[in-house]
Amino acid sequence: MSNQTSHALLKRARQLLPGGVNSPVRSFASVGGDPFFVARAEGSKIYDVDGREYIDYVCSYGPLILGHAHPAIVRAIQEQAERGTSYGAPTEWEVELADEIVAAIPSVDMVRFVNSGTEATMSAVRLARAFTGRKRIIKCEGCYHGHGDGFLSQAGSGLTTLGIASSPGVPDEFAGLTINVPFNNAQALKAALEEYENDVAAVILEPVPANMGVVVPYDGYLHEVRQMTRDHDVLLIFDEVITGFRLAYGGAQEYFGVDADLTCLGKIIGGGLPVGAYGGRRDIMQLVAPSGPVYQAGTLSGNPLAMRAGLEMLNQLKRPGIYQQLEETARQLVDELQKSIRRHGWPLRINHIGSMLTVFFTLSLVVDYSTAKRADTERYARYFHHMLDHGIFLAPSQFEAMFISTAHSPADIEKTAKTQLAVLRMML
Ligand SMILES: *Cc1c(COP(=O)(O)O)cnc(C)c1O
């Protein structure tokens, strides 16, 4: 336990950090109340400075697929730290991790490591623009690709209108280069590709969106997107920052049997340290400096600490049965939750795929951003706080995923299901 309470730390933090945090969702702004400050974490559990224990389904928003402080990853980090944390010169670990990624994702021939998912998507778009000589991109509403200017763009009125800035500080000229279409709507994408024929560099999407809550692509959607981008000679960028090494070892591309031209990675491949990567076809990647003219660089990119944490992570994920185990644990949780929802006729819907899920407070199908937004966020906020009070840490927003790790035990799942039943009974 720390000698400072969450309450005291938050008071100080708010004087020193905007909103008291370094990433907005952590502030609990969309559920109300104050965040707890973390003292430590291990396996499926996270402990706050006030001495409370929670079963953690946030898992740092995706990276911690083996749970917190996995011994093998801790060992790799410790070993490397003693040899130096960054050299500004190449190491074998960059080559090894690149080799693992190239072997895991057949559409990726070469990679460039960066330090976050945001950097990966921004750089991939720059590269796509350079490769095609075109300036517009198409993205799906509700998909998150980090905080790059061009991604903070929301749909204007009408299906294929130019985007408008979704944050102050983003010039409309930047946001306007991004066209927003609904996810799971091949018709809308077709219309946008036709309207901006010869002007679109790339279509970028999360193959399984997890940043409007989990949304599952309908059967064949990703294949249609692949075909359409090919027909229009537009690059397809899969943002697999969450799905990479989570849905399957080879990510969404393995899971659905679809190839992208460029792939963005992050989260899991850093083993819990800050890493991102973008990669893809050799003829495209060779345009990146210094082998080509497209500038992109990073002081700490590919640093050995992050590379070794990531390598150990992938090493662990290659053990047989890991993805089946994740899938079974998630299935057990979803089944338990569904059972009580169905029995009581509660107005909830669970979207689930692999080891990620979202409990939406709505009866309508959630297939895209506009249907996700129908969820009752006020109810979610109450649910979140009751679950937290009972030792279950869910994402402090309706529009995030619950992540299952290999550290979640049957006892964790049982406790979570029991708690949810009690909480919903009280609430609904
Ligand atoms: C988290 C995330 C990002 C941004 O990654 P950061 O490391 O937070 O910059 C990009 N795309 C997706 C799909 C993400 O989930």
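Treat the numbers as computed from the prediction; the structure is a model and nothing was measured. All ligand and atom numbering here is 1-based and tracks the order in the structure.
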Peer 1: Side chain, backbone, both or neither: which part of K267 comes within less than 4.0 Å of ligand 1 when only heavy atoms are counted?
Peer 2: side chain
Peer 1: In ligand 1, which numbered atoms sit nearer than 4.0 Å to a non-hydrogen atom of G117?
Peer 2: 4 (C), 5 (O), 6 (P), 7 (O), 9 (O)
Peer 1: Out of all atoms in ligand 1, which are within 4.0 Å of some heavy atom of I242? Include the element for each.
Peer 2: 15 (O)
Peer 1: List ligand 1 atoms under 4.0 Å from S116, heavy atoms only on the residue side.
Peer 2: 7 (O), 9 (O)
Peer 1: Are I101 and I269 side-chain neighbours, meaning at least one heavy-atom pair lies under 4.5 Å?
Peer 2: yes
Peer 1: Cationic tip of R40 within the cone over Y47's six-membered ring, i.e. under 6.0 Å and within 45° of the normal?
Peer 2: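 Yes, R40 sits over the ring of Y47.
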Peer 1: Scan side-chain atoms only and decide if E328 and Q332 contain a donor-acceptor pair under the 3.5 Å cut-off.
Peer 2: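 Per modelled atom types, E328 and Q332 side chains form no pair under 3.5 Å.
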Peer 1: Would you check whether H145 has a nitrogen or oxygen atom less than 3.5 angstrom from a nitrogen or oxygen atom of ligand 1?
Peer 2: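 Such a contact does not occur with ligand 1.
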Peer 1: State if E240 counts as touching ligand 1 under the rule of any non-hydrogen atom under 4.0 Å.
Peer 2: no
Peer 1: Verify side chain to side chain donor-acceptor pair (under 3.5 Å) between E206 and N211, making sure each step is shown before the conclusion.
Peer 2: CA-CA 9 Å; E206 297 178 73; N211 289 288; 3.0 Å; yes
Peer 1: Just checking, any donor-acceptor pair under 3.5 angstrom between side chains of Y54 and R52?
Peer 2: yes
Peer 1: Among all protein non-hydrogen atoms, which one is nearest to atom 9 (O) of ligand 1, and what is the separation to 0.1 Å?
Peer 2: T118 OG1, 2.6 Å
Peer 1: Counting distance only, does the side-chain N/O of T358 pair as donor-acceptor with the main-chain N or O of F360 below 3.5 Å?
Peer 2: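 Side chain of T358 to backbone of F360: no pair is present.
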Peer 1: Suppose we measure from atom 11 (N) of ligand 1 to each protein heavy atom; which comes out shortest, and what is that distance?
Peer 2: D239 OD2, 2.6 Å
Peer 1: Only heavy atoms count here, so choose which of N211, V241, V208, N115 is nearest to atom 3 (C) of ligand 1.
Peer 2: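 The nearest heavy atom belongs to V241.
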Peer 1: Can a protein heavy atom be found under 4.0 Å away from atom 6 (P) of ligand 1?
Peer 2: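 Answer yes: something from the protein, a heavy atom, is under 4.0 Å.
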Peer 1: With a 4.0 Å heavy-atom cut-off (strictly under), which part of E206 contacts ligand 1: side chain, backbone, both or neither?
Peer 2: side chain
Peer 1: Between E400 and S397, is any side-chain donor less than 3.5 angstrom from a side-chain acceptor?
Peer 2: no
Peer 1: For the residue pair Y57 and H408, does the interplanar ring angle fall in the parallel (under 30°), tilted (30 to 60°) or perpendicular (over 60°) class?
Peer 2: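 Parallel.
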